[in-house]
Engineer: 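One structure, pasted below without further comment.
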Amino acid sequence: MIDQNEALLDQLEQIRTKAIAELEPVTTMAELEEWDIRYLGRNRGELKNIAAVMPKLTKDGRRAVGQKMNAVKSELESHLKARREEIRQKELLATLEKERIDVTMPGRHLPVGHMHPLTRTIQEVTDVFMKMGFQVVQGPEVETDYYNFQALNIPADHPSRDMQDTFWIVPGELLLRTQTSPMQIRVMKQTRPPVRAVVPGKVFRNEAIDATHEAQFHQIEGLLIDDQCTMATLKGCLQTFARELYGEGRQVRFRASYFPFTEPSAEMDISCGECNGKGCRVCKYTGWVELLGCGMVHPKVLREVGYDPKKYRGFAFGMGVERIALAKYGINEIRLFTSNDLRFLRQF
Ligand code: FA5
């Protein structure tokens, strides 16, 4: 029995030495895992094999072998713990080294876009009018003949229909709006005076295209209705707008004109920004660029929307956004806005 105890103690000592020796070259968690199973494993570890024969020993033998086994076990466990920590640290350092961020490296260039010059112009114009108390509203691009023409005092046989060559969807009924003026009717029908609104949006005309004419362009409509406004209010408002948008250096002028839905009517021009009024291709050698049409809202239009023309009056205007941008930035070709040419767009 004594021999058997001795032999077991010996065996435990051999296990201890072998385990420590085999732990030496272990460098990965996977290898450590294997080592753990081999020596300390609950099912088939080498210590477990010795524990299996313990019940057959004498009391003293059990105590001596048990003590030695516990000592070996806790020594191996503490080696395991220390090595696990070492490997963990080593792996962490390797990961940190592999994923190291070089903060001195130049950043990746992400090109940032910016607003299209027409969008920017619309925003600048509406901002000026918002400061004057106007509300910004929008309306449909597909309109009925009633809103685009009839309600604006342009009946079916009216010659002024020819002023705006129309893209019809259903001839005589449905069309791509040729102007933003139909929104005058929609706004007035939906509200009671006082009214102050500006309406930016796309309009469409079946026209010959050249340096200042497009078939699809943008307008901003303006409408003010109250009980005391006059042509002087209209001129003051539009002059203020021109000064705010273009600065003090540019001149504006009003020319008598005709629109079926305003009386009296006028057009406002601004001195050409390309040639400073000397005459060039942009201004067709006149020194002026036409910006907008305007006038006092016709009594027939007021009656059409249920406003009493004896009580209320107002003015309206409609400006071409492309023309405003041409004049503001001194551009000599309207088609550049839709050319998608980055060399052009990057300049704004
Ligand atoms: C009108 O469209 C009227 N609805 C304006 C108006 C509103 C008058 C309210 C009175 C009261 P006109 O056809 O002139 O008017 O166009 C207005 C502006 O749109 C012009 O002054 C011009 O700046 C711009 N415009 C007209 N046709 C074109 C085009 N083909 N391409 C680019 N801009 C244009």
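Computed from a prediction, not measured in an experiment: that's the story for all the values here. Note that ligands are numbered from 1 as they come in the structure, with each ligand's atoms numbered from 1 the same way. Note: hydrogens, waters and symmetry copies are ignored here, and every other heavy atom, side chains too, is used.
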Engineer: Taking only residues two or more places apart in sequence, or in another chain, which ones meet Glu244 in a side-chain contact (heavy atoms from CB on, under 4.5 Å)?
Structural biologist: Val128, Lys131, Thr240
Engineer: Assess the pair Phe317 and Phe129: is the distance between their ring centroids shorter than 6.0 Å?
Structural biologist: yes
Engineer: Before accepting this row, confirm whether a basic side-chain N of the pair Glu13/Arg16 lies closer than 4.0 Å to the acidic partner's carboxylate O.
Structural biologist: yes
Engineer: In terms of side-chain heavy atoms, does Asn148 have a donor or acceptor partner in Thr178 at a distance below 3.5 Å?
Structural biologist: yes
Engineer: Which other residues end up in the same hydrophobic cluster as Ile209, if Ile, Leu, Val, Met, Phe, Trp and Tyr are linked when side-chain heavy atoms come under 4.5 Å apart?
Structural biologist: none
Engineer: Would you check ligand 1 and list the protein residues that come within less than 4.0 Å of it by any heavy atom, ordered by chain and number?
Structural biologist: Gln164, Gln179, Ser181, Gln184, Arg205, Glu207, Thr212, His213, Glu214, Phe217, Gln219, Glu221, Phe259, Phe261, Thr262, Glu267, Glu290, Leu291, Leu292, Gly293, Cys294, Ala316, Phe317, Gly318, Gly320, Arg323, Ile334
Engineer: Using a 4.5 Å cut-off between side-chain heavy atoms of Ile, Leu, Val, Met, Phe, Trp and Tyr, which other residues end up in the same hydrophobic cluster as Leu96?
Structural biologist: Leu92
